[in-house]
**Student:** 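Let me give you the structure first, and then I'll get to my questions.
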Amino acid sequence: MALPEFTMRQLLEAGAHFGHRTQRWNPKMAPFIYGARNDIHIIDLTQTVPLLHQALLALRDVAAGGGRILFVGTKRQASEPIAAAAKRCAQYYVNHRWLGGTLTNWQTISNSIKRMRGIEETLNSAASSGLKKKELLGLLRERDKLDRSLGGIKEMGGLPNMLFVIDTNKEQIAVSEARKLGIPVISSPNGFGTLDMTDPLSLGFIGRNGAFPANQAGRHADVVIAVGARFDDRPAS
């Protein structure tokens with residue numbers, strides 16, 4: 001399984017070297033910050049490149065072994081690219097809202113998925129269900145609500161073997177649950193990130209993970225999200 005190729009120039013063109021404002025930063029990220037310009041931290045991409053390569057190797061090993069990779073990115077800019085990247089490599093995603101206990105209380109989540117499937121079956125046979133229009137509309141709203149939170153993991157069938165997270169600050173609950181269960185986390189923390197790079201369960205590639213204009217989201221995602229797990233030769237499940 002060939003690894004996706006990327007270059008330092010691609011990361012620079014995607015703006016992966018821009019961090020947050022110097023007033024907002026995590027001291028743990030100091031070793032990975034090259035400097036500052038106009039009150040914006042500049043990420044040291046000479047460290048990002050080998051770390052990203054390590055992340056790609058880890059993702060490849062999990063995918064090649066038939067493991068489950070869960071993509072997590074619920075911020076507005078990352079929502080659509082996260083879902084697209086996960087679908088492209090036949091993996092799973094959460095891109096709307098992380099439900100507390102998604103990992104640590106998987107049995108309850110599984111029951112919610114079963115409920116969603118049951119509703120879908122009822123709606124598919126609406127003509128013979130005998131339900132009134134008001135009841136069907138209620139089921140439709142419930143299905144849509146469940147689908148937003150669980151649609152990307154309804155085929156997962158069990159806990160993931162690895163998490164790929166965009167913005168560890170926003171997804172703190174997901175990262176915390178993964179650590180509690182010993183599930184490795186791959187992310188792209190920037191100068192304001194919270195991923196502990198000394199944690200053996202954490203594998204990060206330091207770079208800009210957000211705070212970019214909406215019209216740049218797709219361009220950024222092509223380099224930072226898709227390149228992080230674009231294994232198009234993986235057979236669809």
Side-chain angles (χ1 to χ4, degrees), residues 1-6 14 16 52 55-99 101-103 106 109-110 112-113 116-117 120 143-168 170-175 177-178 181 183-189 195 202-205 207-210 212 214 216-237:
M1 184 179 294
L3 287 175
E5 296 181 358
F6 66 95
L52 176 53
L56 288 171
L57 289 174
L59 285 163
R60 182 189 64 182
D61 290 345
V62 172
R68 308 179 184 98
I69 301 172
L70 178 58
F71 290 62
V72 183
T74 61
K75 65 193 306 177
R76 180 175 55 83
Q77 301 98 318
S79 180
E80 291 185 11
I82 274 284
K87 291 175 182 177
R88 190 161 58 240
C89 53
Q91 293 294 349
Y92 314 97
Y93 64 92
V94 173
N95 70 336
H96 177 67
R97 182 172 71 90
W98 182 269
L99 298 178
T102 295
L103 300 180
W106 176 251
I109 296 298
S110 296
S112 295
I113 292 174
M116 180 171 63
R117 292 184 186 279
E120 289 175 342
R143 191 279 309 273
D144 290 344
K145 182 178 179 180
L146 288 170
D147 187 65
R148 282 194 296 272
S149 298
L150 306 175
I153 61 173
K154 67 179 181 180
E155 303 293 342
M156 194 160 64
L159 291 173
N161 300 96
M162 180 173 286
L163 257 65
F164 182 91
V165 178
I166 293 297
D167 196 335
T168 53
K170 184 171 179 57
E171 315 301 347
Q172 285 185 30
I173 298 176
V175 173
E177 290 187 23
L181 296 175
I183 299 172
V185 176
I186 288 183
S187 185
S188 58
L195 192 66
S202 300
L203 182 55
F205 51 94
R208 190 181 188 188
N209 63 24
F212 46 89
Q216 294 182 16
R219 180 184 177 199
H220 173 81
D222 283 343
V223 178
V224 178
I225 297 176
V227 87
R230 184 164 45 198
F231 301 114
D232 291 329
D233 52 349
R234 171 179 165 82
S237 57

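Just so it is clear, the values below take in all heavy atoms, side chains as well, and ignore hydrogens, waters and symmetry mates.
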**Student:** Sequence neighbours left out, what passes side-chain contact (heavy atoms from CB on, under 4.5 Å) with Ala174? Give chain and number order.
**Tutor:**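 Ala174 satisfies side-chain contact (heavy atoms from CB on, under 4.5 Å) with Val72, Trp98, Leu163, Glu171 only.
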**Student:** So, do Leu150 and Leu99 sit near enough that their side-chain heavy atoms are less than 4.5 Å apart?
**Tutor:**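 Result yes, sub-4.5 Å side-chain heavy-atom pair found.
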**Student:** Using the rule given for side-chain contact (heavy atoms from CB on, under 4.5 Å), can you reason through Leu59 versus Ile186, listing the C-alpha separation, both sets of side-chain angles and the distance that settles it, and then say yes or no?
**Tutor:** CA-CA 9 Å; Leu59 285 163; Ile186 288 183; 3.6 Å; yes
**Student:** Side chains of Trp106 and Ser110: do they bring a donor and an acceptor to under 3.5 Å?
**Tutor:**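 Judged by distance alone, the side chains do pair up.
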**Student:** What residues, two or more places apart in sequence or in another chain, satisfy side-chain contact (heavy atoms from CB on, under 4.5 Å) together with Glu80?
**Tutor:**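 Per chain and number, Glu80 pairs via side-chain contact (heavy atoms from CB on, under 4.5 Å) with no residue.
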**Student:** Could you check if a side-chain atom of Leu70 sits within less than 4.5 angstrom of a side-chain atom of Met162, using non-hydrogen atoms only?
**Tutor:**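 No, their side chains stay 4.5 Å or more apart.
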**Student:** For residues Tyr93 and Lys87, report the shortest heavy-atom separation together with the two atoms involved.
**Tutor:**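 Closest approach of Tyr93 to Lys87: OH-CE, 3.3 Å.
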**Student:** I need the minimum non-hydrogen distance between Ala78 and Ile166, along with the two atoms involved.
**Tutor:**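 Closest approach of Ala78 to Ile166: CB-CG2, 3.9 Å.
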**Student:** If you look at every heavy atom in Leu146 and Ser112, which pair is closest and at what distance?
**Tutor:**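 Reported closest heavy-atom pair: CD1-O, 4.2 Å.
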**Student:** Which pair of heavy atoms, one from Ser149 and one from His96, lies closest together, and at what distance?
**Tutor:**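 Result for this residue pair: OG-CD2, 4.2 Å.
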**Student:** I would like to know whether Glu155 and Arg68 meet salt bridge (charged side-chain N to carboxylate O under 4.0 Å, His left out); could you show each step before the answer?
**Tutor:** CA-CA 11 Å; Glu155 303 293 342; Arg68 308 179 184 98; over 6 Å; no
**Student:** What's the shortest heavy-atom distance between Ile82 and Gly73, and which atoms?
**Tutor:**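 Closest pair (atom of Ile82, atom of Gly73, distance): CG1-CA, 4.0 Å.
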**Student:** Tell me if the CD1 atom of Ile173 is crowded by more than 12 foreign heavy atoms within 6.0 Å.
**Tutor:**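 No, because the 6.0 Å sphere around CD1 of Ile173 holds 12 heavy atoms or fewer from other groups.
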**Student:** Would you indicate whether the side-chain heavy atoms of Phe71 and Cys89 approach each other to under 4.5 Å?
**Tutor:**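 A side-chain contact exists here, since the closest heavy-atom pair is under 4.5 Å.
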**Student:** side-chain contact (heavy atoms from CB on, under 4.5 Å), that's the test. Do Met116 and Lys154 meet it? Break it down for me.
**Tutor:** CA-CA 9 Å; Met116 180 171 63; Lys154 67 179 181 180; 3.7 Å; yes
**Student:** Under 4.5 Å between any side-chain heavy atoms of Leu103 and Pro160, yes or no?
**Tutor:**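 The answer is yes, as the side chains (C-beta and beyond) meet within the 4.5 Å cut-off.
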**Student:** Asn161 versus Ile69: any side-chain heavy-atom pair under 4.5 Å?
**Tutor:**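 Sidechains of Ile69 and Asn161: no contact.
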**Student:** Listed by chain and number, what are the side-chain contact (heavy atoms from CB on, under 4.5 Å) partners of Lys170, not counting sequence neighbours?
**Tutor:**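 With sequence neighbours excluded, Lys170 shows a side-chain contact (heavy atoms from CB on, under 4.5 Å) to Thr74, Lys75, Asp167, given in chain and number order.
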**Student:** So which atom in Arg143 and which in Glu120 form the shortest heavy-atom distance, rounded to 0.1 Å?
**Tutor:**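 Here Arg143 and Glu120 meet closest at CG-CG, 3.9 Å.
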